[in-house]
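Predicted model only: the values in this text are computed from it and were never measured. Position 1 is the first residue of the sequence; numbering continues from there.
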Amino acid sequence: MSRRRPPPNDDDVSAFRQALRDAGVRPIDSNRADPGRPRREDPAAAARRAAAESAADDTAPSRTSDGRVEAVRPSEPLDFALPDLPWRTRSQLKRGRIAWEAGLDLHGYTLDEARDELESFLRDAAARRQRCVLVVHGKAWGATADYPVIKSHVNAWLREWPGVLAFCSARDADGGTGAVYVLLRRRGQQA
C-alpha cells in the first residue's frame, strides 16, 4: 500500500522558490519549441535516406536487437506477458494447457543464426495463424560468456517481437527451463 504525501505548505513552497532564485534559475519565457527555424539540410543524411528507400524489399528487416542483453541463469525460469493479457490465459500457458502447434530447436546455432531462425520461425507461425509455439533455446553456457547466451538473447528477442503476447518456461516434459512456450497474437486480434 502506498502512502500519499500531503501537499507542501506555503512556507516550504516559498523557501523552494527563493532557493531557486538564489541559485540563478530563471523561469522559461515560453514552454514551446521554436518551429519557425528552418531545418538544416544535411547531404549525408539525404543520401542515407535515399539509400534506405531504394533498398530491396525482398529482405525482411530484423525486428530484434543484437545488442547487449541481461544475462539469465541456466535454471532461471523465463516469464513475460503483456499487461493486458487475461490472467486465465497466462495461467493456462504456464501450466502447459495451451497446446503448442510448432517447435523450433536452437541447439547448435550461432547467435546470428539463432536470431535469424527465430525471426523466420515467428513469421511463419504468424502466417499460419498458430496460437502457441515451443522454442527450445537450451541452457548451455556460451564459449566466451559465463551465462547461457542463446537463452538470454531469446528472452530479450521475444520481448521485442510485436506478435508475442506472452512466453514462459516450458513444463519439464517439453524442455523445462531450456525451452519456452510462446503465445502469439493472431492477425487482427487484440490481447
So which heavy atom on [X] is nearest to which on [Y], and how close?
X: Ser169; Y: Pro77; result: OG-CA, 3.3 Å
X: Tyr147; Y: Val72; result: CB-O, 4.1 Å
X: Leu78; Y: Phe167; result: CB-CE1, 4.1 Å
X: Thr110; Y: Glu113; result: N-OE1, 3.0 Å
X: Leu106; Y: Ala114; result: CD2-O, 3.9 Å

Donor-acceptor contact present, side-chain [X] to main-chain [Y], <3.5 Å:
X: Tyr181; Y: Arg171; result: yes
X: Thr177; Y: Glu76; result: no
X: Glu119; Y: Asp116; result: no
X: Glu101; Y: Arg131; result: yes
X: Lys151; Y: Pro74; result: yes
X: Ser152; Y: Pro148; result: yes

Can you find a pair of side-chain heavy atoms, one from [X] and one from [Y], that are under 4.5 Å apart?
X: Glu117; Y: Tyr109; answer: yes
X: Trp161; Y: Arg123; answer: yes
X: Thr89; Y: Leu165; answer: no
X: Leu134; Y: Val136; answer: yes

Of the options Asp124, Val164, Val180, Val182, which is the one that meets Val133 in a side-chain contact (heavy atoms from CB on, under 4.5 Å)?
Val182
Would you say [X] has more than 12 foreign heavy atoms packed within less than 6.0 Å of its [atom1]?
X: Arg73; atom1: CZ; value: no
X: Asp10; atom1: CG; value: no
X: Glu70; atom1: CD; value: no

Within this structure, what is the [atom1]-[atom2] distance for the pair [X] and [Y], rounded to the nearest 0.5 Å?
X: Arg88; Y: Arg97; atom1: CZ; atom2: CZ; answer: 10.5 Å
X: His137; Y: Leu104; atom1: NE2; atom2: CG; answer: 11.0 Å
X: Leu183; Y: Trp100; atom1: CG; atom2: CH2; answer: 15.0 Å

Stepwise side-chain contact (heavy atoms from CB on, under 4.5 Å) check, Val135 with Phe121
CA-CA 9 Å; Val135 176; Phe121 176 70; 4.1 Å; yes
Taking atom types as modelled, is there a side-chain donor on Arg95 or Gln92 under 3.5 Å from an acceptor on the other?
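Arg95 vs Gln92: no donor-acceptor pair found between side chains.
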Are Leu93 and Trp87 co-members of a hydrophobic cluster defined by side-chain heavy atoms under 4.5 Å apart?
no
side-chain hydrogen bond (donor to acceptor under 3.5 Å, both in side chains) involving Asp12 - partner list, sequence neighbours excluded
none
Going by salt bridge (charged side-chain N to carboxylate O under 4.0 Å, His left out), name the residues that satisfy it together with Lys94, two or more places apart in sequence or in a different chain.
Asp79
Kindly determine whether Val13 and Asn9 satisfy side-chain contact (heavy atoms from CB on, under 4.5 Å), including the steps that lead there.
CA-CA 7 Å; Val13 172; Asn9 62 33; over 6 Å; no
